[in-house]
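Okay, structure first, notes after.
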Amino acid sequence: MSDLEFKAIGKVFPGVRALSDISFRVEAGRVHGLLGENGAGKSTLMKILGGEYVPDEGELIVGGQVRRFQRSRDAIDAGIAIIHQELQYVPELTVMENLLLGRLPSRFGFVQKRGAIAWTREQLQKIGVEIDPLARLRDLSIGQRQMVEICKAILRDAKVIALDEPTSSLSHRETEILFRLVRELRSQGKVMIYISHRLEEIFALCDSATIFRDGRKVADYPSLAGVTRDELVNRMVGREISDIFGYRARALGETRLAVRGMHGPKLAPPADFSVRRGEIVGFFGLVGAGRSELMQLVYGADKRDSGEVLIDGAPLPGRHIRNAIAAGLVFCPEDRKEHGIIGCRSVAENINISCRRHSRRAHFFVNDGAEAEIADGYIKLLRIKTPNRQQPIRLLSGGNQQKVILSRWLAEQDLRVLIIDEPTRGIDVGAKNEIYAVLYELAAKGVAIVMVSSELPEVLGVADRIVVMCQGRITGELARADASEQKILSLALPVSDSPQRLAA
């Protein structure tokens, strides 16, 4: 057994101190929660533990031995596995190749593929995961990719395992599997660090916790017995948030978005729904229900078999993304890393990339002054934590990346419809509250909002109306006043398609 200790760790990046004097200890056979707002320094510390960053100050002690990792390979060799919120995988390779990357069994220079496939399938089945070993990572859902990353850490037999927002994309069943695995690893004497903004998970799994704020440790809890949710939230954000959703009622106008007969490969039968001016419609369903697939068809990101999109009664011309944007319909995707941000570009460029067509000089030249003003305005409005507008967006936390994507669409001059998929995935409670406030402000201005979410409390807390999907079809809808967890789940669970259920 080996304990883990961080001793006065400090890390500075150009223009920002990411960590300052971080000290705490995690004992073997315990799960330690790490909490804090996006940008508080949690992921930076995990990158130091994983060998991606070298600390500027302090010591990392593993099993009583001072370690200073210069690269990720050093940390892996020392028995450390980090499962980052932004997953680390090779999308073009198969599940088997990702799990055995760097150690594929071979003989006389040839990979023993049949044996590798059988071994991978056996290991996946052992931990209760049903994924084809030959499936390419790019073809899997985000939740399935997450499970592959978790499997990779377990199969390495790591002594120290850190999980950063591990359930942010998992289904209920996958979450149950993860919880069982975490408890088994704890019983085996592993050192476990668990990072999550879902406080119910912290209370369910963690023995102790440390809270970060602005790169500093602000609280240590050797035990969570008797600790309340409100106390943790207050320590994390430095202020009280009595009602995280802060729902604001507003007058609703005429139908702004109408979707008729939308049909694609994963939808049956064709889907119909509408959203009024100023209305927030929540789409709920279990993982694989078809919500994201439906929205991608509406936006034009995927090719549809049939269907029509109308904005303010006028059919959307063409079926391309550029037609949707020109008509004032925009989409914030679930997978920020792959479909939302341009990782090699700055915060300013990511904000302006869509709306720069409105500010170009002589139709050819970028108006740097106008773009700087737009970027600085939204950085201030949404409280995006970045040292400056030129910071590469890949260096921001997940929550701040989400704010940048939202800023991109807020900068559009004629925003009419906003589709936002999993708006607060992996985001802290303070940032959630801020994003909800932005959605309410947009709705108050007449924007029609479709919010796709797999978090029941979020849908119940924010939406004016809730549409439920199951197995590629819309199974019912509920007004805010009539909605409850029981009613929504009865529509979301795959049961017989009876007339009574559709009428629920």
Side-chain angles (χ1 to χ4, degrees), residues 11-16 18 38-39 41-44 46-48 50-54 70-73 82-93 98 101 136-138 142 145-146 149 164-165 168-169 296 299 301 321-322 325 330-360 364-379 382 384-412 420-422 425-427 431:
K11 183 66 182 176
V12 178
F13 295 108
V16 61
N38 293 106
K42 308 182 301 297
S43 294
T44 300
M46 291 304 98
K47 287 178 180 178
I48 288 173
E52 293 181 54
Y53 295 157
V54 177
Q70 300 294 327
R71 54 179 185 163
S72 299
R73 184 78 251 175
I82 312 291
I83 302 166
H84 295 286
Q85 180 181 347
E86 302 298 341
L87 302 179
Q88 312 290 313
Y89 55 82
V90 185
E92 298 303 318
L93 297 184
N98 271 273
L101 198 60
R136 294 190 185 277
L137 264 287
R138 68 180 181 188
I142 297 178
R145 296 176 204 171
Q146 187 98 8
E149 284 294 292
D164 191 349
E165 296 292 345
S168 60
S169 302
Q296 287 163 1
Y299 185 53
I321 289 174
R322 62 173 172 266
I325 295 173
V330 301
F331 181 45
C332 293
E334 175 187 10
D335 191 339
R336 291 188 292 266
K337 181 180 177 182
E338 193 157 326
H339 301 127
I341 66 169
I342 303 172
C344 61
R345 293 298 185 178
S346 69
V347 170
E349 289 173 296
N350 272 272
I351 290 175
N352 283 285
I353 193 147
S354 175
C355 69
R356 72 173 21 146
R357 68 187 189 280
H358 300 304
S359 60
R360 284 181 301 190
F364 297 105
F365 302 101
V366 172
N367 189 333
D368 292 328
E371 292 202 354
E373 186 177 348
I374 290 170
D376 288 342
Y378 285 107
I379 288 170
L382 296 186
I384 299 170
K385 290 184 180 178
T386 177
N388 54 64
R389 76 177 88 93
Q390 297 304 329
Q391 179 83 337
I393 192 172
R394 59 183 170 79
L395 298 181
L396 270 57
S397 67
N400 285 297
Q401 289 178 1
Q402 181 76 313
K403 290 182 182 180
V404 171
I405 297 169
L406 196 52
S407 298
R408 177 188 304 164
W409 300 128
L410 295 180
E412 281 292 328
I420 186 162
D421 195 348
E422 300 291 358
R425 181 173 69 89
I427 292 179

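Side chains included, hydrogens not; waters and symmetry mates left out as well; all remaining heavy atoms used. Positions are given from 1, in the same order as the sequence printed here.
- Remark: the N400 side chain and the T386 side chain contain no N/O donor-acceptor pair separated by less than 3.5 Å.
- Put simply, the side chain of I384 reaches to within 4.5 Å of the side chain of L396, judged on heavy atoms.
- Here the CD atom belonging to E149 is positioned 7.0 Å from the CG atom belonging to N98, to the nearest 0.5 angstrom.
- For R136, there are no salt bridge (charged side-chain N to carboxylate O under 4.0 Å, His left out) partners two or more places apart in sequence or in a different chain.
- Taken from CG in D368 to CD in E373, the straight-line distance is 13.0 Å, to the nearest 0.5 Å.
- Residues passing the side chain to side chain contact (heavy atoms under 4.5 Å, CB included) test with K11, sequence neighbours excluded: F13, L19, T44, I48, Y53, D56.
- Under the side-chain hydrogen bond (donor to acceptor under 3.5 Å, both in side chains) criterion, R394 pairs with no residue, sequence neighbours left out.
- For the side-chain contact (heavy atoms from CB on, under 4.5 Å) test with I420, the passing option among I405, L406, V330 is L406; the others fail.
- Between S407 atom OG and I379 atom CD1 the span is 8.0 Å, to the nearest 0.5 Å.
- Judged as a ring pair (Phe, Tyr, Trp, His ring centres under 6.0 Å), and not counting sequence neighbours, the contacts of Y299 are F331.
- In this structure, the side chain of R145 engages the main chain of L137 through a donor-acceptor pair within 3.5 Å.
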Test side chain to side chain contact (heavy atoms under 4.5 Å, CB included) on D164 and K42; report intermediate values, then the result. CA-CA 9 Å; D164 191 349; K42 308 182 301 297; 5.5 Å; no
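- Of the possible polar contacts, one joining the Y378 side chain to the L410 backbone as a donor-acceptor pair under 3.5 Å is found.
- Evaluation of the side chain to side chain contact (heavy atoms under 4.5 Å, CB included) rule for Q70 yields V54, R68, D74 as partners, not counting sequence neighbours.
- Partners of R345 under the salt bridge (charged side-chain N to carboxylate O under 4.0 Å, His left out) rule, at least two apart in sequence or in another chain, are E349.
- In this structure, A375 and N352 approach most closely via the heavy-atom pair CB-ND2, 4.0 Å.
- The shortest non-hydrogen separation linking D376 to R389 is OD2-NH2, 2.8 Å.
- Atom-to-atom distance recorded for S43:OG and I82:CD1 is 10.5 Å, nearest 0.5 angstrom.
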